[in-house]
Novice: 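The structure is given below, and queries will be raised subsequently.
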Amino acid sequence: MSRVVVGISGGVDSSVAAYLLKEQGHDLIALFMVNWHERVGNITSACTWEEDALIAEMVAKKLDIPFHIVDLSKDYKKRVVDYMFAEYQAGRTPNPDVLCNREIKFDSFLDEAMKFDADFVATGHYCRKSEVEVNGETIHRLLAGKDPNKDQSYFLCQLNQQQLSKAMFPVGELLKPEVREIARKQNLPTAERKDSQGICFVGKVDLPTFLQQQLEPKPGNVIEIPATFSEKKKQLEVSEENYRKLCFSFPYKPWNGKVIGEHQGAHFYTIGQRKGLNIGGHKDPLFVLGTDVKRNIVYVGEGQNHPGLHRKGLFVAHDDMHWIRHDLKMEVGEKRTFDIRIRYRQPLEKGTLHLNKDGAWFLFDNEQRGITAGQFTAWYLNDELIGSGVIA
RNA sequence: GACUCAGUAGCUCAGUUGGUAGAGCACAUCCCUUUUAAGGAUGGGGUCCUGGGUUCGAGACCCAGCUGAGUCA
């Protein structure tokens, strides 16, 4: 039997993960990590990590396994929160939780686990693992969780083989209701606890409030782009010379539309966003088509079907390409089809990845809504996550 | 200066032959969701420009005024 450090958070998923490992007879240690101390915003109901830690400890006691707390807030601040602010500042939309897994749970936290002589680190993620032999080398595969509604493989899309080799995902074979059921049967204190949401570890905080801790408000114009304008730009054939136009967001200019309102800072908005524009008087809702943080302009379009909301492809720079399956890494000049995800909980979409000297060009069979720079794209073959990269 | 049209929720407007008001958007809350979005549900909101008049009763009819847009000179 192996020695396993299970990261427990005070939620059901990690509690049940711990229980299952215990049942399998592993030598278990529960480790709770603190990643954020500050209380931000004046959200009175915001629960602090102390409460989570308390409940996590109750779970550990119930399962009769040793419980420890480790404070990783310094790392979290430096490697996740700072990145997040920097990305927003630059006009991109980051995914802090993907970074949290790569930089914290499967790095700093894994290091801590190693101090307990752990063979593995387990988490409550809804995903699965398996191995294949390729030329005598063991390759770890990251697979989607069995519950299609809860699959969290996307959040682990930036892990490498080293990290994956140490990971265990005990709930990946289960459906969420089954996890709840087990928790209830075992009388775990987390059985009926509401799932966590919001940026992991920072907690239930209103994102705009959180961003305003660091980013200054800066009033600027909201400009509406007529649907007819975007329509004209779209009659492009999918060919290599058109990749740039098809795979980058259109560089709108102020004279492409008319000023219809004011915003409090272009860096607070993301493509596809509807809420928070504070502009009424239209027949259909307005959605953000793009932002320009240099000129501090937010470009919007009216209606779900505004052509400017949809794009045929996206681009990932060579340096931002990450292959979990490094044995499947493509050569420059190659083209392959994958099932592609452009953000968490987005259905997989068929598309072709063409790697050329400039980088990776992803062309979808169908236009995608709200492709946003800074988010991660992840490509799959069936259930398996093959690689991921930052959308340019 | 004359004439025409308009003035109803934060915004854009609808309100039939007069019976104290509605829709979309916006906003709020909740649901969904370990990113950002989206989506779903619910909800708060109006001295119907002002002052008179007709009427049992006016957002609607009449008169005057104010404001805005336009047309003509």
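Every chain is numbered from 1 and lettered A, B, ... according to where its sequence line falls, protein lines coming before strand lines.
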Novice: B:rA38 P sits how many Å from A:Arg343 CZ, rounded?
Specialist: 9 Å

Novice: Whole Å only: how far is the CG atom of A:Leu99 from the P atom of B:rU34?
Specialist: 19 Å

Novice: What is the separation between atom CD1 on A:Ile342 and atom P on B:rA38, rounded to the nearest whole Å?
Specialist: 14 Å

Novice: How many whole angstroms separate atom CZ of A:Phe169 from atom P of B:rU34?
Specialist: 16 Å

Novice: Once you apply a heavy-atom cut-off of 4.0 Å, does A:Tyr88 come out as touching a base, just sugar-phosphate, or nothing?
Specialist: sugar-phosphate

Novice: With both distances under 3.5 angstrom, what nucleotide forms a Watson-Crick or G-U wobble pair with B:rA9?
Specialist: none

Novice: Which parts of nucleotides 21-28 of chain B does protein reach within less than 4.0 Å, heavy atoms only, written one letter per nucleotide 5' to 3' as B for base, S for sugar-phosphate only and - for none?
Specialist: ---BBSS-

Novice: Quickly work out the A:Glu224 CD to B:rC11 P distance and round it to whole Å.
Specialist: 18 Å

Novice: A:Phe32 vs A:Phe67 aromatic rings, parallel, tilted or perpendicular, using cut-offs 30° and 60°?
Specialist: tilted

Novice: Using the C1' atom in both, what is the distance from B:rA58 to B:rU12, to the nearest Å?
Specialist: 25 Å

Novice: Work out how far the P atom of B:rU67 is from that of B:rG57, and round it to whole angstrom.
Specialist: 32 Å

Novice: How about CD on A:Glu241, more than 12 heavy atoms from neighbouring residues, nucleotides or ligands closer than 6.0 Å, or not?
Specialist: yes

Novice: Which residue pairs pass the ring-ring contact (aromatic ring centres under 6.0 Å, His included) test when at least one of the two sits in residues 312-335 of chain A, sequence neighbours left out?
Specialist: A:Phe248-A:Phe315, A:Phe315-A:Trp361, A:Trp323-A:Trp379

Novice: Measure CZ/A:Arg341 against P/B:rU36 and give the value in whole Å, please.
Specialist: 17 Å

Novice: What integer number of Å spans the C1' atoms of B:rC27 and B:rG19?
Specialist: 32 Å

Novice: Let me know the distance between CD1 of A:Ile391 and C1' of B:rU35, rounded to the nearest Å.
Specialist: 12 Å

Novice: According to side-chain hydrogen bond (donor to acceptor under 3.5 Å, both in side chains), does anything in residues 152-164 of chain A pair up with another residue at least two apart or in another chain? List the pairs.
Specialist: A:Arg102-A:Gln158, A:Asp151-A:Ser153, A:Ser153-A:Tyr380, A:Gln158-A:Ser388

Novice: For RNA chain B, what residues of residues 252-272 of chain A have any heavy atom nearer than 4.0 Å?
Specialist: A:Thr270, A:Ile271, A:Gly272

Novice: Pick base, sugar-phosphate or nothing for A:Gln375, based on heavy-atom distances below 4.0 Å to the nucleic acid.
Specialist: base

Novice: Which pairs with one or both residues in residues 366-382 of chain A pass salt bridge (charged side-chain N to carboxylate O under 4.0 Å, His left out), sequence neighbours excluded?
Specialist: A:Lys234-A:Glu367

Novice: Categorize A:Lys176 for me: base, sugar-phosphate, or nothing, with a 4.0 angstrom heavy-atom threshold over every strand shown.
Specialist: nothing

Novice: Show me the pairs that pass side-chain hydrogen bond (donor to acceptor under 3.5 Å, both in side chains) and involve residues 272-291 of chain A, at least two apart or across chains.
Specialist: A:Glu224-A:His282

Novice: Name the closest nucleotide to the A:Lys194 side chain, picking from B:rC31, B:rU36, B:rU34.
Specialist: B:rC31

Novice: Could you list by number each residue of residues 297-323 of chain A showing a heavy-atom separation from RNA chain B of less than 4.0 Å, or answer none if no residue does?
Specialist: A:Gln304

Novice: Is there a Watson-Crick or G-U wobble partner for B:rU4 with both distances under 3.5 Å, and if so, which one is it?
Specialist: B:rA69

Novice: Write down the distance separating the C1' atoms in B:rA14 and B:rU42, rounded off to the nearest Å.
Specialist: 24 Å

Novice: If you compare every side-chain N and O of A:Gln152 against the phosphate oxygens of B:rU34 (OP1, OP2), does one of them come in below 4.0 Å?
Specialist: yes

Novice: Please work out whether the ring planes of A:Trp36 and A:Tyr76 are parallel, tilted or perpendicular, with thresholds of 30° and 60°.
Specialist: perpendicular

Novice: Applying a 4.0 Å non-hydrogen cut-off, can you work out what A:Arg369 is touching in the nucleic acid: base, sugar-phosphate, or nothing?
Specialist: sugar-phosphate

Novice: Could you list the cluster mates of A:Val134? Members are the ILVMFWY residues connected by side-chain heavy atoms closer than 4.5 Å, either directly or through other members.
Specialist: A:Val132, A:Ile139

Novice: Classify the nucleic acid contact of A:Phe287 as base, sugar-phosphate or nothing, counting any heavy atom under 4.0 Å across all strands shown.
Specialist: sugar-phosphate

Novice: Between B:rA60 and B:rU16, how far is it from one C1' atom to the other, in whole Å?
Specialist: 11 Å

Novice: Extract all donor-acceptor atom pairs below 3.5 Å that involve side chains of residues 10-17 of chain A and protein atoms in other chains or at least two apart in sequence.
Specialist:
| residue | atom | partner | partner atom | Å |
| --- | --- | --- | --- | --- |
| A:Asp13 | OD1 | A:Tyr126 | OH | 2.8 |
| A:Asp13 | OD1 | A:Lys176 | NZ | 2.9 |
| A:Asp13 | OD2 | A:Lys176 | NZ | 3.2 |
| A:Ser14 | OG | A:Ser9 | N | 3.1 |
| A:Ser14 | OG | A:Ser9 | OG | 3.2 |
| A:Ser15 | OG | A:Gly11 | O | 2.6 |
| A:Ser15 | OG | A:Thr190 | OG1 | 2.9 |

Novice: Please determine, for the side chain of A:Thr93, which listed nucleotide (B:rA38, B:rU36, B:rC32) has the closest atom?
Specialist: B:rU36

Novice: Rounding to an integer number of angstrom, what distance separates B:rC48 and B:rA38 when you compare their P atoms?
Specialist: 35 Å

Novice: A:Asp151 has an atom CG; how far is it from atom P of B:rU34, in whole Å?
Specialist: 10 Å

Novice: Between A:Ala113 and A:Val121, which heavy-atom pair has the shortest distance, and what is it?
Specialist: CB-CG2, 3.5 Å

Novice: Who is the Watson-Crick or G-U wobble partner of B:rC30, with both distances under 3.5 Å?
Specialist: B:rG40

Novice: Side-chain N or O of A:Tyr154 less than 4.0 angstrom from OP1 or OP2 on B:rU35?
Specialist: no

Novice: Under 3.5 Å for both donor-acceptor distances, Watson-Crick or wobble: does B:rG18 have a partner, and if so which one?
Specialist: none

Novice: Could you report the tightest heavy-atom contact between A:Ile271 and A:Gly290, atom names first, then the distance?
Specialist: CG1-CA, 4.0 Å

Novice: Kindly write out the residues that satisfy ring-ring contact (aromatic ring centres under 6.0 Å, His included) with A:His140, not counting sequence neighbours, or none if the list is empty.
Specialist: none

Novice: Quick one: is B:rU34 close enough that its OP1 or OP2 comes under 4.0 Å of any side-chain N or O from A:Lys105?
Specialist: no

Novice: Suppose we define a pair by two distances each less than 3.5 Å, Watson-Crick or G-U wobble; what does B:rA60 pair with here?
Specialist: none

Novice: Quantified in whole Å, what is the C1' atom distance between nucleotide B:rA9 and nucleotide B:rG24?
Specialist: 12 Å

Novice: Could you tell me how far B:rC66 sits from B:rC49 if I compare only their C1' atoms? Round to whole Å.
Specialist: 8 Å

Novice: Scan residues 243-269 of chain A for pairs that pass salt bridge (charged side-chain N to carboxylate O under 4.0 Å, His left out), counting only residues two or more places apart or in two chains.
Specialist: none

Novice: What residue pairs, at least two apart or across chains, pass salt bridge (charged side-chain N to carboxylate O under 4.0 Å, His left out) with a residue in residues 124-149 of chain A?
Specialist: A:Arg128-A:Asp383, A:Arg141-A:Glu384

